[in-house]
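Predicted model, so just to flag it, every value in this text is computed and none were measured. Ligands are counted one by one from 1 in listed order, and the atoms in each one are counted from 1 as well.
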Amino acid sequence: MARVSIFDTTLRDGLKSPGTILSLEEKLRMARQLARLNVDVLDIGFPAASEEQFSAAERIIQEVKGPELCVLARATNLRDFDIAWNVLKHAPRGRLHTFVPVSRAYREHYLKKSLKETVEIAVKAIARAREYTDNVEFSLVDAFRADPEEVKAMVRAALKAGAAVVNLADTVGAATPSHVKSLLRFIGKQGESSGKGRLSIHCHNDLGLAVANSLAAIEGGAEQVHCTVNGIGERAGNAPLEEVLVALRAHGELFKKESGVKMEEIYPTCRLVSRLTGIGLQPHKPVVGSNVFVFEPVVPQLEDNEDKPPCEIIDPRELGADNVGDVLAAETGLEAFRNKLMELGYEFTEDQTSQYYEDFKDLAGKKGLVFDADLELLLGSRSPMMQVRYRLLYLNVTAGSISVPNATVQLEVDGQILQDAGFGHGPVDAAFKTICKIVRRFPKLVRYEVRAVTGGTDAQGEVSLRLEEGGCLVSGRAVDTDIVLASARALVDGLNKLESLQGEPPISEFTDMESWLPRL
Ligand code: MN
């Protein structure tokens with residue numbers, strides 16, 4: 001069977017989801033897992049965009065082996081290619097990716113250029129990229145709202161200029177499967193006549209058609225699909241990698257194409273991305289939602305039949321659903337712990353390993369069995385943040401049916417120890433109000449979620465939340481066997497992110513205090 005290449009853009013396009021701010025360590029962790037999933041191409045960002053993106057790409061290239069690594073450069077700014085190559089030259093297999101808008105609406109809005117002028121920009125950019133490498137991908141932005149003849153002219157020029165991959169982007173998520181398939185076929189004929197050049201597709205999910213469109217593109221001859229894990233991305237997101245892969249697997253005969261992805265890494269990857277981004281998975285989310293493999297008997301009198309009902313189109317175990325790994329416990333020795341970290345893809349110094357080992361012993365003392373998911377969270381909780389101004393030192397809450405919920409909090413702010421106490425509608429509310437009072441920062445809590453990381457009442461509670469302040473959205477997350485403590489830490493995590501993005505808080509509005517938090 002022919003191979004369809006999986007181009008993962010979770011780390012670039014996916015992170016355009018509002019409020020997903022990842023530290024360098026978190027990006028690395030995600031990149032390592034994507035390499036373990038065995039995606040063909042890993043999009044590692046846009047180095048010319050910022051110092052931070054440059055160094056993230058640099059670290060990923062140093063540390064992540066396996067997939068081809070791809071970076072973005074603007075066709076309208078040829079210096080981008082020099083910056084991009086400066087980092088990409090260290091990758092064993094590197095790809096330069098550039099793009100121009102092709103639809104009239106996008107050309108006029110972003111470039112104010114005619115098609116002819118836009119083609120010239122594209123050709124110059126591809127030629128510049130070719131000075132560095134043969135491995136050049138060229139994207140046509142908003143290709144499915146453009147005139148097919150104009151798309152064809154642009155593709156022909158790009159192939160002639162030496163693009164190895166031509167990617168058609170449904171940037172606004174407006175395409176339908178039949179249109180995608182016919183445009184790909186139409187353009188494919190063009191590719192054949194001019195020799196090389198593989199076709200690729202990049203779909204957004206605004207009409208809920210990203211997966212269907214990606215599959216239609218494969219039927220139409222696309223050899224590469226752009227995806228993001230869990231479909232994260234701006235607006236309605238991108239084509240979800242796990243759904244495209246499972247559909248391909250379920251209908252391999254129909255598509256006569258297969259991917260080289262390790263299916264058993266799908267669950268661990270989806271869970272990790274959800275944890276790191278703080279974007280949860282809805283229960284009925286295809287492939288990885290919590291309800292997806294729960295079947296109710298359709299006909300109650302047949303309930304005695306102990307065989308599995310014939311409704312699973314794919315076995316969840318094939319996707320690594322119960323891949324919790326070996327379980328560690330309090331008596332696990334340092335050596336076994338170190339091996340476990342290596343197996344999960346972490347590399348630490350001896351000092352760091354023993355620090356984490358102490359944290360792990362603490363956790364094992366509290367909850368007994370420690371699963372891979374617990375460990376991931378534990379390791380994530382210490383990863384270096386961009387800037388830590390606030391630190392939670394102490395929290396005590398009283399709540400229950402006969403007391404007014406109240407919290408006593410001690411925080412370190414800029415090295416100074418501050419404390420206060422306050423009331424609330426519940427323990428979490430009391431803790432949040434007191435913390436915000438101490439730091440004199442009152443963001444709006446736009447989302448708050450508590451989730452059990454593993455099963456059982458001894459499971460760790462993972463809290464993820466989103467804060468909004470002056471138009472800036474950030475996420476915060478934390479984990480503990482005590483969910484009130486986890487909530488307070490998640491809030492402090494979010495406040496630190498706000499601090500590093502926004503600096504000093506806007507003028508405090510104490511009067512607004514009652515209204516900024518929902519009752520918890
Ligand atoms: Mn996109």
Side-chain angles (χ1 to χ4, degrees), residues 5-20 22 27 30 34 39-50 53 57 69-76 80 84 95-103 105-107 109-111 118 122 125 136-146 151 154-155 158 163 165-177 179-180 183-184 199-218 222 224-244 273 277 279:
S5 178
I6 300 297
F7 181 108
D8 176 89
T9 185
T10 312
L11 285 162
R12 187 186 61 77
D13 223 20
L15 293 186
K16 288 186 193 162
S17 291
T20 44
L22 298 191
K27 284 184 184 172
M30 215 188 251
L34 288 162
V39 297
D40 298 273
V41 188
L42 189 55
D43 191 351
I44 58 170
F46 182 11
S50 67
Q53 288 224 33
L69 301 176
C70 178
V71 297
L72 192 70
R74 286 167 298 185
T76 46
D80 279 11
R95 180 182 297 187
L96 279 174
H97 179 200
T98 191
F99 61 98
V100 297
V102 61
S103 68
Y106 261 57
R107 267 192 286 113
H109 185 81
Y110 290 101
L111 288 182
T118 312
V136 177
E137 175 158 342
F138 171 69
S139 284
L140 289 80
V141 175
D142 202 19
F144 294 92
R145 290 194 304 170
V151 174
M154 182 81 84
V155 170
V165 181
V166 172
N167 177 49
L168 302 185
D170 180 20
T171 309
V172 296
T176 60
H179 181 199
V180 169
L183 186 65
L184 265 285
L199 282 181
S200 166
I201 183 86
H202 176 108
C203 293
H204 278 271
N205 206 25
D206 298 68
L207 296 177
L209 293 172
V211 174
N213 287 339
S214 302
L215 297 173
I218 293 171
Q224 176 184 277
V225 182
H226 282 210
C227 308
T228 66
V229 176
N230 299 335
I232 64 168
E234 56 192 329
R235 307 188 314 276
N238 293 54
L241 174 137
E242 62 287 349
E243 294 179 33
V244 171
V273 170
T277 57
I279 303 173

Fill in the blank from the handout: Residues A239 and A210: closest non-hydrogen pair is CA-CB, 3.6 Å

Problem - the Mn ion (ligand 1) reached by E234 (N, O or S, under 2.8 Å) - result: no

Problem - Angle, NE2 of H202 through the Mn ion (ligand 1) to OD2 of D13 - 10° precision - result: 90°

Problem - Member of T171, D13, D170, N213 meeting the side-chain hydrogen bond (donor to acceptor under 3.5 Å, both in side chains) criterion with H202 - result: D13

Problem - Heavy-atom pair of closest approach, residues N238 and N205 - result: O-CB, 4.2 Å

Exercise for the section: Check all N, O or S atoms of H204 and name the one closest to the Mn ion (ligand 1). Expected result: NE2

Completion exercise
Shortest non-hydrogen pair, A84 vs L72, comes out as CB-O, 4.4 Å

Practice task
Please confirm if an N, O or S atom belonging to H226, backbone or side chain, lies less than 2.8 Å from the Mn ion (ligand 1).
Solution key: no

